[in-house]
Amino acid sequence: MSKPLIREVPPTSWYLRHPRYLRYMAREVTSLFVGAYCVLLVFALQSLAAGQASYEAFLVALRSPASIAFHLLALAAALYHAATWFNATQKAMPIQVGEEFVSGNLISGAHYVAWAALSIVILFLAGVF
Amino acid sequence: MKERLVQLDVFRYNPDTDTAGHYQHYEVVCQDEWVVLDALNKIKETIDPTLNYRWSCHMAVCGSCGMMINGEPKLSCHTFLRDYAGVIRVEPLTHFPVERDLVTAPDDFIEKLKRVKPYLIPKEPKPISEGEYLQTPAQLKKYHRFTLCINCMLCYAACPEYGLTPKFIGPAAISLAHRYNQDSRDGGRDERQEIIASKEGVWECTFVGACSEVCPAHVDPAGALQQVKIASSIDWFKEHLLPGGGK
Amino acid sequence: MAKSNKPIIWFPFAAGGTVIAFFIPVIVLLTLLAALGHVPAGLSYDSLRALAACGLGKLLIFGVIALSLWSSAHRLRCTCYDFGLRADTLVANVLYLAAAAGSIATAVYLLRI
């Protein structure tokens with residue numbers, strides 16, 4: 001009696017099989033840093049609600065080397081997330097005008113432009129320049 | 001005509017005698033413009049008639065010669081030898097049971113394809129005497145891309161979520177359901193949603209995007225699945241939050 | 001087979017993914033500046049209190065934090081599965097509860113301001 005050969009997928013190491021899987025896992029792992037950063041924001045808000053002294057202490061604590069390293073990781077993660085997210089918009093939300101579909105790069109490009117503009121406005125409102 | 005000596009490590013499995021697969025090394029002289037399928041054909045004709053694989057059209061239309069070539073799901077009739085240096089590793093499509101050598105069992109995919117009802121279900125049947133179901137070019141274009149699927153299963157071999165969760169209905173079947181859902185002549189969306197908006201349907205997809213990268217027909221299954229997620233979410237909110245289920 | 005209730009989880013995930021993409025990089029940049037010793041004027045105690053004191057500011061802060069937390073929690077759940085952790089229900093409960101707790105804390109702190 002002949003039987004087909006079943007090849008199991010290695011559940012903890014499958015993503016090493018191909019670079020595209022590693023890129024995918026990198027995108028997914030950004031959630032760890034973004035999530036941790038959001039927890040930091042909750043603590044920032046806690047100190048803000050607790051009064052000026054508490055908030056100033058929070059700002060001082062931010063200046064530790066570990067905090068700076070974490071910020072750099074979180075920034076890289078947030079930027080990678082943003083790029084992959086905007087690139088995906090053209091797949092998830094195609095726009096058909098009349099007969100033709102709007103170019104996918106136009107849809108993603110519009111997101112990048114809006115993102116840059118919004119970021120500049122926020123930096124301006126925050127008094128960075 | 002220019003020739004080249006091609007070396008291949010080909011996956012072999014004999015279900016009558018083997019408990020595991022192994023690789024067999026072949027060296028064969030090929031024409032420079034040949035594809036991997038040509039090399040396999042020459043091996044079968046001149047070196048080893050016991051080698052098994054599927055193929056039919058040799059022009060990237062029938063979808064039967066899909067295999068892993070250096071770890072990438074490819075149509076072997078569409079993969080040029082001149083693009084490869086060194087030994088080429090040829091394996092059966094991942095995630096599917098191997099019947100023999102490079103031949104895999106497509107039963108799981110075929111069963112899923114049937115479940116999503118990939119055919120037109122008219123809103124109201126009408127007799128032939130009333131004429132054809134008309135459609136504008138814009139209505140055709142809306143779903144045209146998703147009609148290009150040749151059922152080659154490369155997307156299933158590329159999809160890690162299908163490998164990890166074999167119940168997942170998967171890229172091609174959901175894209176084909178989406179193709180009919182997007183068709184102005186169709187009225188079967190509610191029936192298909194019962195299948196593709198289920199837990200084993202589109203929600204197993206985590207948007208790896210590998211399916212679209214390997215699709216030889218440029219169907220963009222990953223795009224189709226994200227569109228299905230958005231549409232299914234809108235359905236859910238209509239059904240649960242609007243009075244009367246949004247009907 | 002029945003339609004899944006997954007949209008309850010997925011829709012806020014998608015909304016949160018969009019919020020993260022648009023807002024989080026620039027917010028990280030602002031707190032990074034503070035971490036480097038150059039606290040932007042907008043992060044001073046007075047201006048941040050003023051922002052959190054108005055209704056629109058509260059809504060904005062809550063929206064960004066709650067949706068980003070939820071989105072991260074959901075993606076982290078999928079990531080755990082992808083790394084081979086098969087206790088999906090446990091992972092999901094822990095992460096979603098953590099995200100909900102963070103959102104409730106955010107609301108409580110905002111209402112205190």
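Worth knowing before you read on, the calculation uses all heavy atoms, side chains too, and leaves out hydrogens, waters and symmetry mates. Below, chains carry the letters A, B, ... as their sequence lines are ordered, and counting in each starts from 1.
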- Item | E28(A)/Y15(A) under side chain to side chain donor-acceptor pair (under 3.5 Å): CA gap, chis, key distance, verdict | CA-CA 12 Å; E28(A) 297 298 278; Y15(A) 45 88; over 6 Å; no
- D101(B) side chain to V103(B) main-chain N or O, any donor-acceptor pair under 3.5 Å? no
- Heaviest contributor of heavy-atom pairs below 4.5 Å to chain A, chosen from A20(B), P92(B), A224(B), G21(B), is P92(B)
- Bottom line for F101(A): the part with an atom under 4.5 Å from chain B's heavy atoms is side chain
- Task: Among the options A158(B), A105(B), G209(B), pick out the one with the most heavy-atom pairs lying under 4.5 Å from chain A.
- Result: A158(B)
- Below 4.5 Å from any heavy atom of chain A, which atoms of A210(B) appear? Answer side chain, backbone, both or neither. both
Would you be so kind as to tabulate the donor-acceptor pairs closer than 3.5 Å made by side chains of residues 80-88 of chain A, with sequence neighbours excluded?
residue, atom, partner, partner atom, Å
Y80(A), OH, R23(A), O, 3.4
H81(A), ND1, R75(C), NH1, 3.2
H81(A), NE2, G17(C), O, 2.8
T84(A), OG1, Y80(A), O, 3.0
T84(A), OG1, H81(A), O, 2.8
W85(A), NE1, T18(C), OG1, 3.2
N87(A), OD1, Y112(A), OH, 2.9
N87(A), ND2, A83(A), O, 3.2

- Query: Given a strict heavy-atom distance threshold of 4.5 Å, which part of K229(B) is in contact with chain A: side chain, backbone, both, or neither?
  - Reply: neither
- Task: Could you have a look at E8(A), E100(A), R20(A) and say which one has the most heavy-atom pairs with chain B under 4.5 angstrom?
- Result: R20(A)
- Any donor-acceptor N/O pair, T94(B) side chain to A157(B) backbone, under 3.5 Å: yes
- Query: Mind checking which of residues 91-98 of chain A sit less than 4.5 Å from chain B, heavy atom to heavy atom?
  - Reply: K91(A), A92(A), M93(A), P94(A), Q96(A), G98(A)
- Message: Nearest 0.5 angstrom please: C211(B) SG to D220(B) CG, how far?
- Response: 7.5 Å
- For F207(B), is the NZ or CZ atom of R27(A) found under 6.0 angstrom from the centre of its six-membered ring and inside 45 degrees of the ring axis? yes
- Message: For Y24(A) and W14(A), take the angle between the two ring planes, folded into 0 to 90°, and tell me which bin it lands in: parallel under 30, tilted 30 to 60, perpendicular over 60.
- Response: tilted
- Query: Mind checking whether Y156(B) and Y162(B) have parallel, tilted or perpendicular rings, split at 30° and 60°?
  - Reply: perpendicular
- Item | Between N70(B) and Y84(B): side-chain donor-acceptor atoms closer than 3.5 Å | no
- Between V208(B), N14(B), D18(B), T136(B), the one whose heavy-atom pairs under 4.5 Å with chain A are most numerous: V208(B)
- Item | Stepwise side chain to side chain donor-acceptor pair (under 3.5 Å) test for E99(B) and N52(B) | CA-CA 10 Å; E99(B) 287 188 335; N52(B) 285 269; over 6 Å; no
- Message: Can you tell me which portion of T206(B) sits under 4.5 Å from chain A's heavy atoms? Options are side chain, backbone, both or neither.
- Response: both
